[in-house]
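Positions are given from 1 along the sequence.
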Amino acid sequence: RSLVLASTSNDAQYNQAIVELEKLAGNFTRPKLYNIDNIEGNLYIPQFDQLTNDYKSTQKKPQPPPELTKIIIPLLKKSASESRNVNALVTLGDLYLFGNYSLTPDYYMAKKYYQEAISLAPNGHAYFMLGYIYSTGLFGTFPIDQKRGVLYYQFAAENGDRNAQMVMAYKNFKGLGVPTDCELALEYYTDLAEQGKDW
């Protein structure tokens, strides 16, 4: 997902955070998750630990860069609280959900930011992520609620999120959480194909 500068110049915190985040993205080197020992030892994949909200590992967890924790996140939080910037809230949600730049994931914080974003204005990506959270439960962090997940996916699709359109097309085609409706699935797939052709 590409980050864009705020359309209004009055949100200096958000604009500065995005500039800093783009600089970080250009300079950040992802730490190697696997070494020769665990690759040759049949590539052991660690289990997810719900207490720490992370994967169990014998390797020392890399720390997020200080510019992320000391500059970017505080700027985004300030933008979210002072300017009520939906893009700042969604960016915070993504950082905490995906654990970008070695940030420890915090699914509760991510969900909170996405919910706050949609309480201010419709946002296709935030709706999609909430649909994903409710549909999967995120490793048992939340109770799975397929009906609520479908509702959020529907809102996301109506607000232009292509991922949600693909999900709704597949759900309608297969009858997953919704009645089977091949005609509606065809509408979604046709719209997606047109968007791909235009792109």
What pair of heavy atoms forms the shortest contact from [X] to [Y], and how long is it?
{"X": "A126", "Y": "I118", "result": "CB-CG2, 3.7 Å"}
{"X": "A80", "Y": "L92", "result": "CB-CD1, 4.4 Å"}
{"X": "P105", "Y": "L97", "result": "CB-O, 4.1 Å"}
{"X": "S102", "Y": "P64", "result": "O-CD, 3.6 Å"}
{"X": "Y96", "Y": "I73", "result": "OH-CG2, 3.9 Å"}
{"X": "F173", "Y": "C182", "result": "CD1-SG, 4.1 Å"}

Rounded to the nearest 0.5 Å, how far does [atom2] of [Y] lie from [atom1] of [X]?
{"X": "T69", "Y": "L95", "atom1": "OG1", "atom2": "CG", "result": "11.5 Å"}
{"X": "L192", "Y": "W199", "atom1": "CG", "atom2": "CH2", "result": "13.5 Å"}
{"X": "L151", "Y": "L130", "atom1": "CG", "atom2": "CG", "result": "10.5 Å"}
{"X": "N87", "Y": "H125", "atom1": "CG", "atom2": "NE2", "result": "10.5 Å"}
{"X": "I72", "Y": "I18", "atom1": "CD1", "atom2": "CD1", "result": "8.5 Å"}
{"X": "D106", "Y": "T141", "atom1": "CG", "atom2": "OG1", "result": "9.5 Å"}

Describe, in one word, how the ring planes of [X] and [Y] are oriented to each other, choosing from parallel (under 30°), tilted (30 to 60°) and perpendicular (over 60°).
{"X": "Y101", "Y": "F28", "answer": "perpendicular"}
{"X": "Y107", "Y": "F139", "answer": "parallel"}
{"X": "F128", "Y": "Y132", "answer": "parallel"}

Transitive ILVMFWY side-chain link [X] to [Y], under 4.5 Å:
{"X": "L138", "Y": "Y108", "result": "yes"}
{"X": "L103", "Y": "M109", "result": "yes"}
{"X": "L176", "Y": "I133", "result": "no"}
{"X": "M168", "Y": "M166", "result": "no"}
{"X": "V167", "Y": "F98", "result": "yes"}

Query raised in the report: Under the 6.0 Å and 45° cation-pi test, does K111 pair with F142?
Result: yes
Does any donor atom in the side chain of [X] or [Y] lie under 3.5 Å from an acceptor atom in the other side chain?
{"X": "N85", "Y": "D11", "result": "yes"}
{"X": "Q154", "Y": "E158", "result": "yes"}
{"X": "Y113", "Y": "D94", "result": "no"}
{"X": "Q165", "Y": "D161", "result": "no"}

Can you confirm whether [X] sits close enough to [Y] that some side-chain heavy atom of one is under 4.5 Å from a side-chain heavy atom of the other?
{"X": "N159", "Y": "N123", "value": "no"}
{"X": "T180", "Y": "N172", "value": "no"}
{"X": "L24", "Y": "E20", "value": "no"}

Query raised in the report: Within a reach of under 6.0 Å around NZ of K78, are more than 12 heavy atoms found that belong to other residues, nucleotides or ligands?
Result: no
Report task. Can you establish whether the number of heavy atoms outside Y188 located under 6.0 Å from its atom OH is more than 12? Result -> yes
Report task. Please determine if R84 and E116 form a salt bridge, counting it only when a charged side-chain N lies under 4.0 Å from a carboxylate O. Result -> yes
Report task. Test side chain to side chain contact (heavy atoms under 4.5 Å, CB included) on Y14 and T91 and set out the steps. Result -> CA-CA 10 Å; Y14 177 75; T91 303; 4.1 Å; yes
Requested in this report: Look only at the side chain of S79 and the backbone of L75, and say whether a donor-acceptor pair between them is shorter than 3.5 Å.
Outcome: no
Report task. Using the side chain to side chain contact (heavy atoms under 4.5 Å, CB included) rule, take L120 and L89 through it: C-alpha gap first, then chi angles, then the decisive distance, then the call. Result -> CA-CA 10 Å; L120 297 174; L89 290 163; 3.6 Å; yes
Report task. Go through S135 and Q146 one step at a time and tell me if the side chain to side chain contact (heavy atoms under 4.5 Å, CB included) criterion holds. Result -> CA-CA 5 Å; S135 294; Q146 293 295 344; 3.8 Å; yes
Report task. Evaluate the side chain to side chain contact (heavy atoms under 4.5 Å, CB included) criterion for residues L76 and Q13: first the C-alpha distance (whole Å), next the side-chain angles of each, then the deciding distance (0.1 Å), finally the verdict. Result -> CA-CA 7 Å; L76 290 169; Q13 290 93 3; over 6 Å; no
